[in-house]
2 protein chains.
Amino acid sequence: MQNLTEQPITAADKTFFQLRKDIVEGVVLAGSKLSETELSTKYGVSRAVIREAINRLESCHIVERKANVGARVVSLSPEGLVDLYQVRESLEGMAARLAAQNMTDAEIADLNALLNVHSEDVKNHGSYYQEAGDVDFHYRIILGSKNNHLIAMLINGIYHLVRMYRVQLGMSGPRVSTAFDEHKHIVQAICNRDGELAEMLMRRHILYSKNNIQRKLTPQREA
Amino acid sequence: MQNLTEQPITAADKTFFQLRKDIVEGVVLAGSKLSETELSTKYGVSRAVIREAINRLESCHIVERKANVGARVVSLSPEGLVDLYQVRESLEGMAARLAAQNMTDAEIADLNALLNVHSEDVKNHGSYYQEAGDVDFHYRIILGSKNNHLIAMLINGIYHLVRMYRVQLGMSGPRVSTAFDEHKHIVQAICNRDGELAEMLMRRHILYSKNNIQRKLTPQREA
DNA sequence: TCTGCAAAAGATGTCGACAATATAGCAAAT
DNA sequence: ATTTGCTATATTGTCGACATCTTTTGCAGA
């Protein structure tokens with residue numbers, strides 16, 4: 001996954017992808033400071049390259065920069081999660097509606113095929129599905145919207161932050177098969193070219209997903 | 001306007017704001033190439049500063065960059081307008097709904113006061129209203145949503161591109177008073193804490209606005 | 001011992017130079 | 001005459017050094 005026409009060309013590209021991956025997967029801790037000199041030795045590139053990578057991460061809302069002070073990785077907070085998922089609900093709901101309207105029959109057939117593969121994955125080794133398959137599913141719907149602004153905002157913008165919450169807070173077991181059923185219903189609505197229903201189902205799907213993560217994030221009384 | 005806590009600190013900030021202004025207002029033409037060396041002499045700063053400014057403009061979708069080739073200002077196209085306004089409708093509709101829910105009574109009172117000022121402006125010198133007042137109105141609703149992701153995406157992200165379309169394609173005369181009435185109804189819905197209605201009215205308001213610009217953009221047969 | 005200023009250390013911001021890549025122009029061959 | 005391949009030029013990408021700002025440290029005075 002993650003090979004969605006995103007091919008690194010320059011050193012800044014590579015560093016950006018690597019650093020983003022390290023942050024999303026928690027190798028670089030949430031809330032930690034990003035020292036330019038430190039990172040430049042760690043990744044073996046000049047500070048200029050690091051600065052460009054950090055600038056790009058800032059526009060994804062993965063890091064926050066203050067002038068003359070430096071950059072920090074964002075902290076994962078319940079408020080941040082709510083804000084993020086509200087936006088995501090709105091944008092991906094819209095993507096589903098547009099996808100029902102704009103995807104070609106061939107693309108919809110492909111999407112159905114993907115679903116069948118996922119069905120096998122869930123039966124065999126259920127947990128892997130969530131990270132790779134779910135992202136792939138959502139990517140296809142987003143691309144199916146054919147709205148370039150929407151695609152850019154979601155894929156280059158907020159999606160990696162979504163992944164950061166999901167990877168670092170984990171997702172519970174029983175929801176895997178439930179989520180798969182929700183995907184099936186969404187695809188069915190798209191097959192029927194029913195944009196309104198697709199949007200509504202996608203919004204609920206994302207809402208459930210948010211509640212699921214929220215349960216992991218909110219009850220931190222035992223800490 | 002445009003003084004929304006956005007204060008330039010570094011040279012890169014100043015250059016970014018200036019270059020963005022020049023592009024939005026058409027001083028730097030849409031579709032033109034942005035040469036780094038040329039801009040660095042023009043704005044009297046080093047190429048590193050120019051590069052940072054261009055990077056930031058790229059994340060606003062105001063310029064497009066290709067590796068080892070360079071950056072170009074985006075072209076204003078009917079498709080781009082539709083894509084942009086679809087997203088805007090969704091996000092600002094959401095902002096209106098959240099504003100009805102999250103703005104304080106004091107903030108709503110302020111908003112009403114702003115509306116009265118605009119009412120005078122329309123009576124006196126109607127045309128000025130559109131550029132300054134309308135933006136200000138929308139800014140307040142966006143900020144009133146209290147959703148930081150939404151605020152960042154709209155204000156740092158797509159709003160300057162919206163302004164670019166509006167400034168460069170102009171807006172017709174009779175719509176000024178119509179738009180003002182629409183603003184009044186939206187504020188009324190927010191006063192009543194009716195989020196659903198506020199969202200619907202905002203979406204229609206933006207839809208009308210899009211149609212208005214589209215009329216200027218599409219019929220280019222006489223060229 | 002505590003407060004406050006000052007100097008030093010370390011960070012980010014900016015710059016000019018060099019390296020790598022793409023484009024344009026010209027020459028040669030078909 | 002057209003196309004192909006090379007060369008020259010110009011632009012972008014990367015680097016290390018210097019300037020400026022922030023933060024910390026340490027000393028002096030109350």
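A note on names: the letters A, B, ... follow the listed sequences, proteins ahead of strands, and every chain is numbered from 1.
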Detail all sub-3.5 Å separations between protein N/O atoms and N/O atoms belonging to nucleotides 6-13 of chain C.
from, atom 1, to, atom 2, distance (Å)
C/dT12, OP1, A/K33, NZ, 3.3
C/dT12, OP2, A/E36, N, 3.3
C/dG13, OP1, A/N68, N, 3.3
C/dG13, OP2, A/R51, NH1, 2.3
C/dG13, OP2, A/R51, NH2, 3.1
C/dG13, N7, A/R47, NH2, 2.8
C/dG13, O6, A/R47, NH1, 2.9

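- Regarding A/F16, its CZ atom lies at a distance of 17 Å from the C1' atom of D/dG13, rounded to whole Å.
- The stretch residues 52-91 of chain A participates, sequence neighbours left out, in these ring pair (Phe, Tyr, Trp, His ring centres under 6.0 Å) pairs: A/H61-B/H149.
- In this structure, A/D13 places its CG atom 13 Å from C1' of D/dT14, rounding to the nearest Å.
- Ring geometry for A/H138 versus A/H205: interplanar angle under 30°, hence parallel rather than tilted (30 to 60°).
- Inspection of the B/N116 and B/E120 side chains reveals no N or O donor paired with an N or O acceptor under 3.5 Å.
- A straight line from OH of B/Y43 to P of C/dC15 spans 15 Å, rounded to a whole angstrom.
- For B/S46, a side-chain nitrogen or oxygen approaches OP1 or OP2 of C/dC15 to under 4.0 Å.
- Here D/dT14 presents its P atom at 16 Å from CD of B/E52, a figure rounded to the nearest Å.
- Between B/F137 and B/H183, the ring planes lie parallel to each other; the angle is under 30°, not in the 30° to 60° tilted range.
- Separating the CD1 atom of B/I54 from the C1' atom of D/dT11 is a distance of 12 Å, rounded to the nearest angstrom.
- Side-chain N or O atoms of A/D83 include one that pairs as donor or acceptor with a backbone N or O of B/N148 at under 3.5 Å.
- Cation-pi geometry between B/R20 and B/F16 is satisfied (NZ or CZ under 6.0 Å from the ring centre, within 45° of the ring normal).
- Rounded to an integer number of Å, the gap from A/K14 NZ to D/dG13 P is 13 Å.
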